[in-house]
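Notes to accompany the following structure.
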Amino acid sequence: MKIVNHENLSGLTESEFDLAWDVVSAEAPISQKSYHEMSDRPVVEVDAMTQLENNVRLLGDMQGRLSFLMREVNYLLKV
């Protein structure tokens, strides 16, 4: 993760600042810190795309479990 020093950018005009910001943002992917209380490493830093992929995978797993549970409940209600 790249840290931007805003003191160096304070003397720039708006167009120069936009150009500098585009260069900085193009260099490194955006990373997010997430906290996992019960994990061995409680603070994990991953880029946004990896975190999105993990969240979609987790949602797919949870949806599968919920659909199984709903089938079981429907079966029990019909009996």
Side-chain angles (χ1 to χ4, degrees):
M1 184 169 136
K2 185 167 183 137
I3 298 174
V4 177
N5 187 356
H6 293 287
E7 294 171 0
N8 294 344
L9 299 175
S10 62
L12 300 177
T13 65
E14 186 175 340
S15 61
E16 291 172 337
F17 179 80
D18 289 339
L19 179 63
W21 182 255
D22 289 340
V23 169
V24 167
S25 62
E27 288 179 3
I30 298 172
S31 64
Q32 303 284 329
K33 290 185 180 181
S34 59
Y35 179 72
H36 304 277
E37 187 171 324
M38 300 300 286
S39 176
D40 292 337
R41 294 178 19 206
V43 178
V44 178
E45 186 174 348
V46 295
D47 65 295
M49 284 305 295
T50 304
Q51 188 171 4
L52 177 64
E53 290 170 0
N54 292 339
N55 289 345
V56 168
R57 191 176 307 117
L58 180 63
L59 282 173
D61 180 50
M62 291 173 62
Q63 191 273 334
R65 292 175 185 223
L66 181 61
S67 64
F68 171 77
L69 182 63
M70 290 304 295
R71 281 194 307 268
E72 292 294 314
V73 168
N74 284 333
Y75 173 74
L76 290 174
L77 289 176
K78 290 179 182 178
V79 172

> How many angstroms lie between atom CD of E53 and atom CG of L58, to the nearest 0.5 angstrom?
Replying inline: 13.5 Å

> How many angstroms lie between atom CG of L59 and atom CG of L66, to the nearest 0.5 angstrom?
Replying inline: 11.5 Å

> With R71, which residues qualify under side chain to side chain donor-acceptor pair (under 3.5 Å), at least two apart?
Replying inline: none

>> Using 0.5 Å steps for rounding, measure from the CG atom of L69 to the CG atom of N74.
In response: 9.5 Å

> Between atom CG of L77 and atom CE of M70, what is the distance when rounded to the nearest 0.5 Å?
Replying inline: 8.5 Å

>> Check this for me: does any side-chain nitrogen of one of R65 and D61 sit under 4.0 Å from a carboxylate oxygen of the other?
In response: yes

